[in-house]
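Sharing a structure with you now.
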Amino acid sequence: MLDPNFLRQNTEAVASNLARRGHHFDLESYAAIEKQRKQLQVETESLQSRRNTLAKAIGQGKSQGDNVDDLLAESAEVGESLKQKSAALEGLQSELEALLLNTPNLVADAVPDGLEEADNVVIREVGERPGLGFEARDHVELGAMHAGMDFEAAARMSGARFVVLRGSMARLHRALAQFMLDTHVNQHGYEEANVPFMVLPQAMQGTGQLPKFADEAFEIQGEHARFLIPTAEVPLTNLVADQIIDAGELPLKWVAHTPCFRSEAGAYGKDTRGMIRQHQFEKVELVQIARPDQSQEAFEQLTSHAEAILQALKLPYRVVALCAGDLGFSAQQTYDLEVWLPSQKTHREISSCSHFGDFQARRMKARWRNPETNKPELLHTINGSGLAVGRTLVAVLENYQQRDGSIVVPEVLQAYLGGQTVLSVNV
RNA sequence: GGAGAGAUGCCGGAGUGGUCGAACGGGCUCGCCUGGAAAGUGAGUGUGCGGUUUAUCCCGUACCGAGGGUUCGAAUCCCUCUCUCUCCGCCA
């Protein structure tokens with residue numbers, strides 16, 4: 001959520017910033033609502049003030065045996081008009097809140113201009129593409145050769161966009177997740193967390209998935225509304241919701257391995273083949289909660305932590321700075337990490353690292369106590385995939401495939417597979 | 001699933017209709033004391049929103065788990081919900 005105060009005082013600057021990402025902020029209707037709100041709030045509060053004064057006087061008068069009929073009469077009048085004013089005010093305030101909840105974050109200055117994917121800027125390219133010397137098979141084909149990916153069985157029980165992994169594919173998938181967790185915990189100083197996979201609507205609102213993107217998440221039927229998490233960002237970031245964190249504890253660095261559930265509404269016909277876009281996938285997620293003056297550095301650092309996994313796996317990738325129009329709703333700045341897929345002869349997103357500034361923190365009421373002011377101030381939140389496990393599996397299979405379809409096990413994973421160095425087709 | 005108890009400020013814990021933003025204790029901050037420290041001692045110590053100012057100050061308002069109600073007036077009374085704890089049952 002944007003700072004309402006800042007918005008009030010810099011409305012046009014906000015509107016032109018949001019225009020960078022292609023969001024139209026309706027200046028006129030905002031100004032109209034805001035003007036009414038101000039007037040109504042002043043009126044309401046002065047009525048409340050009058051009511052409090054009267055109530056006090058009535059109490060005192062009664063205790064002294066005075067006649068308080070006049071005061072009671074006025075109080076009844078005040079109560080009546082207060083009822084109307086406050087109802088009107090409430091309506092306006094929720095209108096304003098709805099507007100704010102549906103307004104995306106401001107775009108950081110460093111973000112490149114542009115409205116489409118084509119305007120994204122490649123910042124660096126790392127690693128060497130494998131010289132296979134033969135036509136690359138895609139992961140679906142490789143999975144089939146290893147009898148390790150059963151899309152049909154998954155479809156029978158769960159419908160489209162699911163997969164059953166078996167044997168070496170399941171084990172390789174698990175090894176990847178374990179390796180990522182261990183690396184972030186042991187090398188990068190993150191605390192491992194195991195979190196709920198279902199959350200209440202307010203948690204989804206805190207990180208920005210609600211109210212605007214309800215149709216992209218799975219909602220649980222039941223007594224209470226709950227959502228399957230679309231990413232561990234939601235439970236991890238919400239760890240600081242409604243909290244005031246001591247300065248000494250910052251930055252908080254969390255990592256969690258969770259399933260992620262996405263309805264992929266609006267993605268019909270896109271990536272229908274294979275494991276690239278599923279309703280359920282696994283991800284190792286990094287989250288940092290930082291003080292504002294250190295958040296930019298934390299963002300760059302977190303990105304490098306995600307990159308470290310790709311580097312350790314010796315997967316070729318590139319870092320892309322998303323242009324303003326391609327930024328997610330809550331993000332002020334985002335780097336995507338895209339891994340090279342030989343079968344598609346292109347880079348595909350395998351991680352997205354974003355800086356949210358205080359946008360999520362304001363929604364969550366996540367604050368820290370600034371020792372300089374001794375006041376609670378909003379935190380900054382940062383997160384990124386480190387990495388998407390399913391897509392990493394795809395990348396490993398495709399980049400490490402041999403002519404006969406066997407897969408060389410990346411060195412760092414061998415310990416997780418009992419020392420195995422190759423996954424052969426005929427086993 | 002059944003029975004009961006509870007939810008108050010950074011923490012503990014009072015408060016059962018008015019002068020309660022909330023006693024008291026602890027903690028913390030700033031002083032005093034001291035060669036320094038402990039002990040002692042004095043003062044201070046919530047947040048959101050709005051107005052004003054915009055560096056503060058100040059004023060108003062709201063907040064005692066959440067939402068609704070009764071009342072001139074609610075932390076205090078009533079209703080609903082959520083969460084926590086204890087006992088029983090069930091269960092991975």
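So that the names make sense, note that chain A is the first sequence line, chain B the second, and so on, each numbered from 1.
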Atom P, compared across B:U76 and B:G31: separation rounded to whole Å
41 Å
Which nucleotide, B:A62, B:C72, B:U47, lies nearest any side-chain atom of A:P376?
B:U47
Taking atom P of B:G46 as reference, at what distance in whole Å does atom NZ of A:K365 sit?
20 Å
Considering every strand shown, what is the Watson-Crick or G-U wobble mate of B:A43 when both distances are under 3.5 Å?
B:U29
Whole-Å distance between B:C10 C1' and A:R369 CZ?
8 Å
Of A:A55 and A:Q41, whose nearest nucleotide on RNA chain B comes first from the 5' end?
A:A55
Considering only atom P, compute the distance from B:G13 to B:G4 and round it to an integer number of Å.
24 Å
Figure out the CD/C1' separation between A:Q39 and B:G60, and round it to whole Å.
17 Å
From B:U47, B:C72, B:G50, nucleotide with atom closest to A:V42 side chain
B:G50
A:L54 CG to B:G60 C1', in whole Å, measures 16 Å
Write down the distance separating the C1' atoms in B:A5 and B:C58, rounded off to the nearest Å.
46 Å
Paired with B:G12 by Watson-Crick or G-U wobble geometry, both distances under 3.5 Å: which nucleotide is it?
B:C24
My understanding is that a pair needs two contacts under 3.5 Å, Watson-Crick or G-U wobble. By that rule, which nucleotide pairs with B:U54?
none
Could you tell me which nucleotide pairs with B:G60 by Watson-Crick or G-U wobble geometry, both distances under 3.5 Å, or answer none if nothing does?
B:C49
Flag the pair A:L379 / A:L252 as yes when at least one side-chain heavy-atom distance between them is below 4.5 Å, and no otherwise.
no
Considering every strand shown, what is the Watson-Crick or G-U wobble mate of B:A37 when both distances are under 3.5 Å?
none
Take the protein atom CG of A:L378 and the nucleotide atom P of B:G48, then report the distance between them rounded to whole Å.
9 Å
Answer yes or no: does a side-chain N or O of A:K38 lie under 4.0 Å from OP1 or OP2 of B:G51?
yes
Rounded to whole Å, the CG-P distance (A:D246 to B:C28) equals 13 Å
Please determine whether a side-chain nitrogen or oxygen atom of A:N5 lies at a distance below 4.0 Å from atom OP1 or OP2 of B:C49.
no
May I have the step-by-step check of side-chain hydrogen bond (donor to acceptor under 3.5 Å, both in side chains) for A:H279 and A:E264, ending in yes or no?
CA-CA 7 Å; A:H279 287 312; A:E264 296 299 340; over 6 Å; no
side-chain hydrogen bond (donor to acceptor under 3.5 Å, both in side chains) between A:Q420 and A:R171: does it pass, once the steps are laid out?
CA-CA 11 Å; A:Q420 221 172 329; A:R171 286 198 303 137; 2.9 Å; yes
Under 4.0 angstrom, heavy atoms only, what part of the nucleic acid is A:R50 near: base, sugar-phosphate, or nothing?
nothing
Between B:G65 and B:A75, how many Å separate the two P atoms, rounded to a whole number?
10 Å
Are any non-hydrogen side-chain atoms of A:P4 and A:Q9 less than 4.5 angstrom apart?
no
Among B:C72, B:U47, B:G60, the nucleotide that comes nearest once only the side chain of A:S75 is considered:
B:C72
In whole Å, I'd like the distance from the CG atom of A:L47 to the P atom of B:G73.
13 Å
Closest listed nucleotide, where the reference is the side chain of A:K62 and the choices are B:G50, B:C72, B:G60
B:C72
Between A:R362 (CZ) and B:U47 (P), how many Å, whole number?
17 Å
